[in-house]
Every structure is written in structure tokens, then in C-alpha cells.
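Encoded as C-alpha cells, the structure appears first; notes follow it.
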Amino acid sequence: IHLADALDAMLAARVYRPALSPAEALAELRRGSGIQFCPRCLEALDQVMLAQVSEGADVPGQLLAS
């Protein structure tokens, strides 16, 4: 849940910063792998996101809807 919450926060625009692209958000999560985020959970998220992108998802909301 921690990983999904972090991804959701990064993909949403905030008053103090614009939304990150899915690729930027995933890169940021990878930087925290093994430190802030479970590497196994991050690998699973990575696989899901890549699979959905290959199926034609092109907006953050589509990447998270399963």
C-alpha cells in the first residue's frame, strides 16, 4: 500500500509541483528501492506498468486501473 500511495502522489499535480510522468515516477520509486520501498513489490509494480503500457495505456489513471 505504501508503494501505491507514493506512486499516486507522484502522478497527481500538487500546488507546489506538477505531476510526474509515469516514467519519472517509476524512476523515483526505483531510487528508493531497498531503502524506502520493498524491491520485490517495486519489481511487481514495474511489470504491471510495463504490461499496461504495452496494452496501450497512455495516461496515469489507466496505468493504475486494473
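Given the structure is predicted, the values throughout are model-derived calculations rather than measurements.
For the side chain to side chain contact (heavy atoms under 4.5 Å, CB included) with Leu26, the lone residue among Arg30, Glu28, Glu24 that qualifies is Arg30.
The closest side-chain heavy-atom distance from Arg31 to Gln36 is not below 4.5 Å.
The closest donor-acceptor contact from the side chain of Gln47 to the backbone of Ala44 lies at 3.5 Å or more, if one exists at all.
In terms of heavy-atom proximity, Ala19 sits nearest to Ala12 at CB-C, 3.7 Å. The heavy-atom pair separating Leu7 from Ala25 by the smallest distance is CD1-CB, 3.7 Å.
Atom CZ of Arg40 has 12 or fewer neighbouring heavy atoms from other residues, nucleotides or ligands inside a 6.0 Å radius.
Taken to the nearest 0.5 Å, the OG atom of Ser33 stands 9.5 Å off from the CG atom of Leu3.
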